[in-house]
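See structure below.
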Amino acid sequence: MNLAVMQGYRFQIVILLSHLTFHTSVRGDATESLHLLLQEFYDWRLEDSPEFATYSGTYRFNDRLQAFSLARMDERREIALSFKEDLERIEASELCKTERINYRILKDVLETYLGGYRWRRYGSINPLNFLEGIHVDPVHHVEATPFFTRGDYENFLVRLENTPLQLAEYQDLYRTAIGINHTMHNVSVSRVPAQIARLLVPPEESAFYEPFTDLLDQFPFSDNAKRDMRDRAHSLVQGVLEAFRDMKTFLETEYFPSTRQKWGVGSLEDGKNYYKACLRWHLSTDMSPETVHQIGLQEVERILGLMQEIVKKQNFNGSITEYFAFLRNDTSLHTDSAEELIEGYNRLINERINPKLQDVFNHLPDLPVKVEPMPYDGPAGEYQSGSEDGSRAGIFKVNVNRPHEIGKYIMMPVTLHESVPGHHLQISYALKANLPDFRRNTEYFRYYEVPYHFPFYTAYREGWALYAESLGEELNLYQNDYELMGRYSSEIFRACRLVVDTGLHYYGWNREEAIRYMLKYTSFSRAEMTTEIDRYITWPGQACAYKIGEIKIKELRKRAEDTLGDLFDIRDFHSVVLENGPMPLTILEEIVDDWIQNYRPATAEETCTDAAHTQHVSVVLLLCLTILGVCS
Ligand SMILES: *[C@@H]1O[C@H](CO)[C@@H](O)[C@H](O)[C@H]1NC(C)=O
Ligand SMILES: *[C@@H]1O[C@H](CO)[C@@H](O)[C@H](O)[C@H]1NC(C)=O
Ligand SMILES: *[C@@H]1O[C@H](CO)[C@@H](O)[C@H](O)[C@H]1NC(C)=O
Ligand SMILES: *[C@@H]1O[C@H](CO)[C@@H](O)[C@H](O)[C@H]1NC(C)=O
């Protein structure tokens with residue numbers, strides 16, 4: 001694959017695009033120019049990030065892998081700049097309201113990305129950690145690849161061939177990080193060698209070889225062709241595994257000794273500003289670390305008060321920590337087996353939550369969600385989205401590794417957060433919404449690159465999911481004091497994150513202080529909280545998105561309730577938030593304010609449903625298989 005040629009091609013696209021935009025602007029058709037630009041932008045994003053293209057069901061780049069280098073980062077900036085210039089040539093005042101939102105969001109996407117460029121020599125040059133990378137879940141990587149034709153196999157073989165090059169590019173980035181003292185803390189990478197070691201099996205047993213085993217037998221290719229493919233796959237997989245072994249050695253011998261000494265990124269040169277940029281990226285609103293920290297402390301106090309009331313009501317004489325220790329000790333509050341857990345989660349969704357959703361939602365998208373055991377030992381639950389035509393269900397992955405440790409009382413909040421009405425419902429609305437592709441389908445991985453990464457609007461997504469946990473209270477889904485304690489425990493956990501994330505990265509807290517703070521207020525074990533704190537150390541700012549996003553959604557709802565009084569319909573409010581898809585909190589606020597101003601019950605339709613949108617729906621139907629990993 002000739003990179004130089006590909007880059008030339010990419011610039012050509014951009015030049016051609018500027019040309020088109022210019023022409024249409026001259027004709028005064030701002031809407032048409034905008035549509036062209038949105039499409040060109042999305043096409044470029046898919047081409048530039050081929051794995052993302054595959055995950056979202058666009059298969060024309062299945063033989064490519066994304067390129068990683070500092071030079072490439074510069075080129076991406078140039079391209080993003082030219083998109084921004086083209087966008088600014090469009091006369092926004094000529095656009096109708098719906099199109100103006102598209103305009104504003106694309107502008108935010110580009111400006112956020114360009115603003116992150118300044119920090120490219122921070123997170124972006126430390127590409128693998130214990131939470132992300134193909135070494136964490138190679139099965140997922142392979143499963144997202146289609147295997148329907150000979151071409152699919154050949155494409156995958158090319159990807160295998162180039163994987164060692166990608167890993168070599170990662171090593172170059174890491175070396176840059178070492179050279180300028182911008183490495184991660186050791187806890188972000190210390191588990192990676194063991195994760196890689198799990199991959200180092202004989203090639204024929206590797207997840208990367210899986211498509212060449214039984215699956216290949218089902219194809220009508222000649223025996224010779226199959227043998228040939230298997231031979232090539234075998235040696236290419238061997239090459240991939242060698243490259244991983246090499247990465248493992250590199251980490252252990254070169255990277256580890258150079259890892260960052262201090263826990264938080266605030267200790268790096270200009271690190272406090274870097275942290276502010278990460279925080280801004282995830283929150284999609286301006287909020288200082290001081291404010292985030294204060295909100296955290298206040299929220300912790302407030303929720304603690306609610307918890308203490310329940311504890312008192314139960315005549316328990318002791319602290320919250322002692323109360324949770326007491327709950328952990330009560331076997332009647334715990335499940336016995338993985339089966340019981342899966343069964344329990346299914347019952348919560350089907351028997352308790354689903355029947356109540358109509359009370360608070362309009363036009364519920366009918367996309368299926370499945371409960372499946374998590375293939376590794378992660379958080380209590382995770383969500384992975386399905387395809388928009390429903391052929392592949394969304395997956396609510398639940399941790400069944402230690403059933404005796406999972407309190408039944410935390411199952412309801414976890415379910416509300418990860419499945420319905422949390423991530424699954426939010427993403428289903430976005431997938432079904434009448435929105436341009438770039439708003440429906442965002443690349444939701446590689447958090448380490450933040451803030452030099454296209455925004456996926458963490459605060460909107462995670463804020464919604466935490467808001468979904470609070471909806472459970474209104475819907476009377478927490479049936480007893482234990483479940484209510486589970487709810488508060490889950491909420492205070494997200495409030496604590498505001499305190500410790502800013503604590504670690506801004507106020508110079510050490511890991512032990514952060515762990516102790518978490519243990520004081522939550523029901524989790526020290527082992528769980530250690531992994532949790534290591535996650536915050538690895539992804540500065542990410543953990544603050546949940547509570548800040550939820551507070552904003554609640555604030556907007558309150559404003560709508562106060563202004564509209566008897567006219568307020570919770571279902572309409574939820575539609576406005578969900579049918580517009582992920583976006584910055586600042587724009588969400590404007591949209592909700594505008595909706596309040598112009599509220600007309602039952603006919604709250606936008607005035608501008610134009611031909612381009614109708615046409616868009618048919619394009620959208622062809623897109624399938626969106627895979628998004630979402631953490632709790
Ligand atoms: C990196 O840190 C080491 C040890 O603290 C120091 O000797 C070196 O000068 C630093 N290098 C740069 C480029 O700042
Ligand atoms: C980093 O972690 C690894 C694995 O736990 C350990 O062997 C190594 O000594 C650590 N290095 C530093 C610099 O802390
Ligand atoms: C609660 O415990 C403390 C000491 O552990 C004891 O002094 C006190 O009397 C207890 N209160 C009740 C109401 O049991
Ligand atoms: C847990 O149960 C054991 C055995 O019943 C008991 O000795 C211990 O005090 C209990 N711990 C708590 C925190 O309730």
Side-chain angles (χ1 to χ4, degrees), residues 68 121-138 167-201 241-272 274-275 278 376-379 399 401-402 446-450 500-501 503-519 524-540 542-543 631:
F68 293 89
R121 291 197 178 83
Y122 286 74
S124 308
I125 52 176
N126 293 283
L128 299 177
N129 58 62
F130 78 110
L131 298 159
E132 343 174 61
I134 27 176
H135 62 290
V136 177
D137 191 2
L167 287 168
E169 287 182 320
Y170 286 166
Q171 271 191 37
D172 285 346
L173 291 180
Y174 274 138
R175 286 203 170 94
T176 306
I178 294 171
I180 58 174
N181 285 346
H182 283 184
T183 50
M184 286 178 283
H185 193 278
N186 205 38
V187 295
S188 303
V189 277
S190 57
R191 298 167 181 88
V192 176
Q195 289 171 328
I196 291 178
R198 282 190 332 219
L199 308 183
L200 302 178
V201 295
L241 300 182
E242 274 313 313
F244 271 111
R245 198 188 311 273
D246 188 52
M247 174 63 87
K248 180 172 176 288
T249 308
F250 167 80
L251 287 171
E252 286 167 337
T253 58
E254 288 184 55
Y255 193 78
F256 284 180
S258 306
T259 43
R260 181 176 81 226
Q261 295 296 304
K262 297 271 174 59
W263 298 103
V265 296
S267 63
L268 295 169
E269 157 210 16
D270 210 10
K272 288 200 172 176
Y274 165 54
Y275 178 62
C278 294
Y376 42 88
D377 194 2
N399 192 335
N401 294 286
R402 288 165 284 110
R446 295 201 317 281
Y447 292 27
Y448 69 84
E449 287 187 337
V450 173
V500 301
D501 197 85
L504 287 161
H505 295 294
Y506 197 72
Y507 292 112
W509 287 23
N510 64 41
R511 188 193 195 206
E512 182 56 27
E513 284 173 282
I515 293 172
R516 262 195 261 128
Y517 187 85
M518 298 300 282
L519 287 177
F524 302 104
S525 67
R526 171 167 274 271
E528 285 171 301
M529 282 310 95
T530 305
T531 315
E532 187 69 22
I533 296 299
D534 293 349
R535 164 182 159 173
Y536 310 155
I537 292 170
T538 308
W539 291 337
Q542 195 271 346
C631 291

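One-based numbering, in listed order, for ligands and for the atoms of each.
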Residues S525 and E528: side-chain donor-acceptor under 3.5 angstrom: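 Result is yes, a qualifying pair exists.
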Qualifying residues under side-chain contact (heavy atoms from CB on, under 4.5 Å), relative to L519, sequence neighbours excluded: I515, R526, M529
Residues that R198 engages under side-chain contact (heavy atoms from CB on, under 4.5 Å), provided they are two or more places apart: none
Side-chain donor or acceptor of T183 paired with backbone N/O of S258 under 3.5 Å: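 It does hold such a pair.
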Flag, side chain of Y255 to backbone of M247, donor-acceptor distance under 3.5 Å: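 No, the answer is negative, given that no donor and acceptor are paired below the 3.5 Å cut-off.
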First-shell residues of ligand 2 [heavy atom, distance under 4.0 Å]: N186, S190, F256, T259
Within residues 260-272 or reaching into it, pairs that qualify as salt bridge (charged side-chain N to carboxylate O under 4.0 Å, His left out) - sequence neighbours excluded: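 Every pair satisfying salt bridge (charged side-chain N to carboxylate O under 4.0 Å, His left out) with a residue in residues 260-272: R118-D270.
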